[in-house]
4 protein chains.
Amino acid sequence: MASRGVNKVILVGNLGNDPEIRYMPSGGAVANITVATSESWRDKNTGEQREKTEWHRVALFGKVAEVAGEYLRKGSQVYIEGQLQTRKWQDQNGQERYTTEVVVQGFNGTMQMLGGRQGGGQGMPMGGQQQQGNWGQPQQPAAQQNNFAPQQQAAPQQAPAQQPQQQYNEPPMDFDDDIPF
Amino acid sequence: MASRGVNKVILVGNLGNDPEIRYMPSGGAVANITVATSESWRDKNTGEQREKTEWHRVALFGKVAEVAGEYLRKGSQVYIEGQLQTRKWQDQNGQERYTTEVVVQGFNGTMQMLGGRQGGGQGMPMGGQQQQGNWGQPQQPAAQQNNFAPQQQAAPQQAPAQQPQQQYNEPPMDFDDDIPF
Amino acid sequence: MASRGVNKVILVGNLGNDPEIRYMPSGGAVANITVATSESWRDKNTGEQREKTEWHRVALFGKVAEVAGEYLRKGSQVYIEGQLQTRKWQDQNGQERYTTEVVVQGFNGTMQMLGGRQGGGQGMPMGGQQQQGNWGQPQQPAAQQNNFAPQQQAAPQQAPAQQPQQQYNEPPMDFDDDIPF
Amino acid sequence: MASRGVNKVILVGNLGNDPEIRYMPSGGAVANITVATSESWRDKNTGEQREKTEWHRVALFGKVAEVAGEYLRKGSQVYIEGQLQTRKWQDQNGQERYTTEVVVQGFNGTMQMLGGRQGGGQGMPMGGQQQQGNWGQPQQPAAQQNNFAPQQQAAPQQAPAQQPQQQYNEPPMDFDDDIPF
DNA sequence: TTTT
DNA sequence: TTTT
């Protein structure tokens with residue numbers, strides 16, 4: 001829990017796809033999302049308007065992953081606070097590759113749904129039928145890979161001696177997907 | 001310059017090596033540094049103290065790159081504020097690879113040297129002979145490695161005409177100022 | 001523009017009232033908003049749900065103030081990045097008082113409208129009639145105090161030698177309003 | 001613990017005075033420090049260099065307050081991450097006054113000592129005799145000013161049972177670690 | 001792949 | 001005074 005140094009990422013952007021939820025053998029949820037941030041500026045040579053979108057891999061763990069799986073959808077706007085983490089893996093040729101992600105886990109991060117009336121009524125963001133933002137209806141976290149009930153680790157954040165960052169050595173994570181990174 | 005979304009990284013850590021400085025055809029400086037942040041925690045199973053160091057690639061552009069090249073050294077402690085940026089490149093086998101960096105450029109970021117009484121004396125961080133932290137003596141930004149344009153110009157947000165970040169040349173703070181409360 | 005030290009505030013919250021816009025003699029706009037952030041938790045003694053709202057004074061300057069005046073309304077959700085600033089003033093009894101605000105000015109800060117389809121279509125956040133979030137229709141910045149045309153300082157941020165922080169010594173700012181601070 | 005909204009302050013600056021430590025009836029420590037951040041710029045009218053220092057009230061709670069009391073001294077450079085909080089009080093004339101502070105408490109904030117090789121040797125920041133930065137010798141947190149409960153307990157988010165922030169007792173970083181890229 |  |  002101690003730390004020398006600061007490692008903090010803050011993002012506000014929109015999801016490029018629905019979250020992908022997986023469960024670790026321990027039952028803890030992992031949600032992977034991609035978040036777009038973009039900036040636009042006027043090219044000072046050509047004078048034309050230009051835009052550049054940056055895509056961020058974000059991995060959420062535990063309770064916040066469950067919330068993401070239930071309420072976030074493609075297009076949802078989110079505030080993300082997490083840490084940068086680079087992990088090494090082997091591609092199909094046995095070559096070492098590195099992937100950098102924003103990790104949101106326990107007290108080292110947070111996720112906030114933005115826009116719409118998130119977190120509304122009966123535990124669903126919209127509180128009703130009419131969709132205001134791009135939020136999902138609360139779902140059974142069912143359409144997932146493997147699925148032992150995520151053993152409600154609702155408040156693990158207070159746990160006195162939590163073990164950070166042991167992620168990513170459990171599910172394979174399919175990094176050969178055709179996602180652009 | 002407009003932007004929808006927020007893309008912000010904040011790091012406090014130490015350099016793993018001396019900065020590598022290059023110059024673009026335009027004359028603009030680029031500094032590459034690696035910054036370590038670490039956290040330690042007590043393993044709740046074994047009870048032993050564990051530590052994990054995360055290494056961050058950071059690319060600085062323009063004036064702030066020159067300052068980095070002059071004053072930062074292996075071990076220097078820095079505050080970095082920048083943006084996440086992932087760029088695509090081809091490895092020797094023609095395979096697409098991705099590298100994620102923290103980009104510090106113009107008004108989208110800042111770098112602050114920490115420790116010692118930076119901003120001291122004659123434009124060098126320490127103000128004197130005795131080395132307090134791990135800061136370099138001001139150098140000619142001459143010993144540049146090589147000089148091909150870096151494969152990436154990072155975000156073109158404010159291009160050549162930028163001129164921020166000439167910090168580090170102010171008098172030391174007087175801590176006997178009357179604090180207004 | 002240089003700085004020793006970091007002074008940064010990040011808020012995501014909702015406006016408690018419509019923005020108040022004023023113009024300085026120089027023509028620069030100033031927008032004052034109050035932003036609510038809240039947290040809720042379960043009281044570990046009584047077991048009941050509790051909530052606490054924190055109200056923040058935010059002062060925006062220049063272009064971002066104009067945008068705030070045009071598009072933000074009571075209830076609007078915003079992302080604010082600015083600096084902490086405490087200024088001294090005299091109350092009606094001649095007593096020294098201090099007020100702390102989050103100042104958003106030039107490159108030292110940013111404001112992003114959240115939720116809805118902000119910044120949409122023709123320069124208005126919603127792009128149409130149907131109100132999705134709590135955003136104002138684009139207005140003439142007319143109903144303001146004094147009103148020499150704000151001399152479009154649209155890109156003063158690039159200005160080579162801008163003069164920071166001289167605010168608050170121009171308009172009186174009416175700090176005896178019945179706002180709770 | 002839940003929250004709608006983000007309320008975050010990040011400071012890097014120097015202490016204007018030694019910390020003031022107090023203990024609450026519960027035994028929890030409270031440290032009050034004032035942190036200076038400053039910026040300087042060239043006045044675009046007169047052409048002269050100008051500087052402005054901003055002073056921040058910071059209140060630390062719990063373990064981090066104890067660390068502050070032991071190791072921080074006037075002039076110490078710190079990284080602070082906390083929340084903005086405004087509290088109401090009555091002055092000697094019975095008038096309502098407001099004071100805004102940066103509150104560092106539990107998981108909602110952190111404090112890092114900067115400069116020197118903090119986290120070194122035997123649990124003290126410098127690891128030895130020779131003072132590199134402006135750090136105090138570890139003290140008994142005994143010389144407390146006075147001992148009435150501070151008028152404010154700040155947000156009760158995680159109350160007594162908190163236990164984060166026991167940093168600063170790790171071995172120094174080895175910068176010859178193999179950087180993974 | 002998002003959003004505007 | 002907001003929002004949920």
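Below, chains carry the letters A, B, ... as their sequence lines are ordered, and counting in each starts from 1. In what follows, every heavy atom counts, from backbone to side chain, and hydrogens, waters and symmetry copies are set aside.
Rounded to whole Å, the distance from CG on C/D18 to P on F/dT2 is 11 Å. Distance, A/L15 CG to E/dT2 C1': 8 Å, rounded to whole Å. Atom CG of A/N14 and atom C1' of E/dT1 are 11 Å apart (whole Å). Atom CG in A/L72 sits roughly 20 Å away from atom P in E/dT1 (whole-Å rounding). Rounded to whole Å, atom P of F/dT1 lies 12 Å from atom NZ of D/K88. Residue A/R73 contributes atom CZ, which lies 15 Å from atom C1' of E/dT2 at whole-angstrom precision. Between C/E20 atom CD and F/dT2 atom P the separation is 15 Å, expressed in whole Å. Rounding to whole angstrom units, CD of residue C/E54 and P of F/dT2 are separated by 16 Å.
With distances taken from any side-chain atom of A/T34 to the nucleotides E/dT2, F/dT2, E/dT1, the minimum falls on E/dT1. Comparing atom distances between the C/N17 side chain and each of E/dT1, F/dT2, F/dT1 picks out F/dT1 as nearest.
Across D/V6 and C/T37, no two heavy atoms sit closer than the pair O-CG2, 3.2 Å. Nearest heavy-atom pair, D/Y98 versus D/W89, reported as atom, atom and distance to 0.1 Å: C-NE1, 3.8 Å.
Among residues two or more places apart in sequence or in another chain, the salt bridge (Lys or Arg N to Asp or Glu O under 4.0 Å) test is passed with C/K88 by C/E96. With sequence neighbours left out, the salt bridge (Lys or Arg N to Asp or Glu O under 4.0 Å) criterion links C/E54 to C/K52.
Ring-base stacking between C/W55 and F/dT1 is satisfied, the centre separation being under 5.5 Å and the plane angle under 30°.
When heavy atoms are screened at a 4.0 angstrom cut-off, C/T37 is found touching no nucleic acid atom at all.
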